[in-house]
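Atoms within each ligand, like the ligands themselves, are counted from 1 in listed order. None of the values given here were measured: they were computed from a predicted structure. Atom set for the values below is all heavy atoms of this structure, side chains included, hydrogens, waters and symmetry mates excluded.
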Amino acid sequence: MSYPSLTITFLGTGTSAGVPMIACECPVCTSPDKKDNRLRSSIMVQSEKTTLVVDSGPDFRYQMLRAGVKHLDAIIYTHAHKDHVAGLDDVRAFNFFSQQPMNVYASDMTQEVIIREFPYAFYESKYPGVPDIQLNTIALEPFMAGDIPVTPILVWHLKMPVLGFRFGRFTYITDANRIDDSEKEKIKGSEVMVLNALRKEKHISHFSLEESVAVAKELKIPQSYFTHISHQLGKHADVDAELPDGINLAYDGLVIKV
Ligand SMILES: [Zn+2]
Ligand SMILES: [Zn+2]
């Protein structure tokens, strides 16, 4: 199968609190290494024709400015936790320049929360200047976002269903601590996989570092990157150096082509 060539930009690689965490003076939060500064998790996926982001957390506005994004075709949501949706209001700038609604792809469950948390964007008679959002319902069937093929992958975040996404040769999964065997089949064959790895200690709703390494090995992915990282994981340089070949920590600003 032929897929469009994609450029992936890591806009944020931190857990819900970000790194540094407010008021924290631990060695990671005070590290001078830029790779230890992590905004909330999100990626940008670009083909020649289409630019989309996965999730728009509280840092969305700054992530768009930092990456110099001038045009955005779509936002695809993994789930409706605040660290993944809080920045949606800032699509207003894209609405202003494109004079088009922002295409949002989300499950029914995620849409319910979006409508509850941003009700003013969905009123019959809207206040001028509120976000203009076109909701598109996704389930587990593959769909196209512009010219980018997207296959949703169901993963579990404790008891909450979350969507991971396969974009051709690339798979992105955040906020998971369990993946059913049937869904693992959808990931196999990916050249690059992103998976969440919160910290070294076990966690109730996120894979630990060890658990994510095990998934990457089990699925025989040539290159994996870990994201949604807590300050508790340790410094980027120390942890990255300990990882097996073909597995690295992601960091904000990392760009890969696949
Ligand atoms: Zn999260
Ligand atoms: Zn979450």
Side-chain angles (χ1 to χ4, degrees), residues 8-22 24 28-29 36-45 52-64 75-90 104-118 138 140 152-166 171-180 183 187 193-209 211-212 215 224-234 236 239 249-254:
I8 314 295
T9 304
F10 288 80
L11 301 169
T13 57
T15 189
S16 61
V19 184
M21 184 180 173
I22 293 173
C24 185
V28 176
C29 287
D36 288 317
N37 289 348
R38 302 181 188 276
L39 298 178
R40 268 57 70 92
S41 291
S42 174
I43 53 165
M44 178 162 65
V45 179
L52 61 87
V53 296
V54 180
D55 295 329
S56 65
D59 300 312
F60 175 70
R61 172 182 171 274
Y62 182 58
Q63 288 167 331
M64 294 298 93
I75 304 177
I76 303 182
Y77 286 104
T78 59
H79 67 308
H81 279 164
K82 204 61 138 187
D83 56 320
H84 297 260
V85 302
L88 177 58
D89 185 79
D90 281 312
V104 164
Y105 295 87
S107 68
D108 282 324
M109 189 181 168
T110 299
Q111 286 185 36
E112 257 175 56
V113 181
I114 288 173
I115 293 167
R116 192 174 72 222
E117 306 213 342
F118 302 92
I138 55 173
L140 291 179
I153 300 164
L154 175 69
V155 299
W156 295 100
H157 192 24
L158 187 58
K159 289 179 183 154
M160 183 188 201
V162 167
L163 294 179
F165 299 103
R166 180 160 177 176
T171 295
Y172 181 76
I173 295 170
T174 181
D175 293 60
N177 71 319
R178 188 160 60 81
I179 307 173
D180 294 337
E183 297 301 287
I187 306 169
M193 173 178 70
V194 178
L195 195 57
N196 61 311
L198 187 75
R199 61 184 190 191
K200 289 183 177 166
E201 299 74 34
K202 224 175 150 50
H203 186 271
I204 188 167
S205 63
H206 285 278
F207 283 128
S208 66
L209 187 66
E211 289 168 336
S212 286
V215 173
S224 296
Y225 292 98
F226 295 159
T227 190
H228 212 289
I229 290 166
S230 162
H231 66 154
Q232 296 169 326
L233 183 63
H236 179 92
V239 178
L249 296 187
Y251 54 89
D252 287 26
L254 171 64

Review point. For H228, which of D83, L233, V194, L195 qualifies under side chain to side chain contact (heavy atoms under 4.5 Å, CB included)?
Key: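 Single side chain to side chain contact (heavy atoms under 4.5 Å, CB included) partner of H228 among D83, L233, V194, L195: D83.
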Practice item. Assign the ring pair H206 / H203 to parallel, tilted or perpendicular, where the plane angle (0 to 90°) is split at 30° and 60°. Key: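 The rings of H206 and H203 sit tilted, inter-plane angle from 30° to 60°.
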Review point. Taking the N/O/S atoms of D83 one by one, which is nearest to the Zn ion (ligand 1)?
Key: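 Nearest N/O/S atom of D83: OD2.
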Practice item. Answer yes or no as to whether an N/O/S atom of H157 is found below 2.8 Å from the Zn ion (ligand 1). Key: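 Under 2.8 Å: H157 has no N, O or S contact with the Zn ion (ligand 1).
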Review point. What's the shortest heavy-atom distance between A197 and I229, and which atoms?
Key: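 Nearest heavy atoms, A197 then I229: O-CG1, 3.6 Å.
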Check your understanding: So what does the D175 OD2 - the Zn ion (ligand 2) - H81 ND1 angle come to, to 10°?
Key ->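 Taking the Zn ion (ligand 2) as the apex, I get 180° for this pair.
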Point to revise | T15 side-chain N/O to A17 backbone N/O, donor-acceptor pair under 3.5 Å | key: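 Pair absent, no side-chain N/O of T15 close to backbone of A17.
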Exercise for review: Can you tell me, to 10 degrees, how wide the angle at the Zn ion (ligand 1) is between NE2 on H84 and NE2 on H228?
Suggested key: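 That angle works out to 100° after rounding to 10°.
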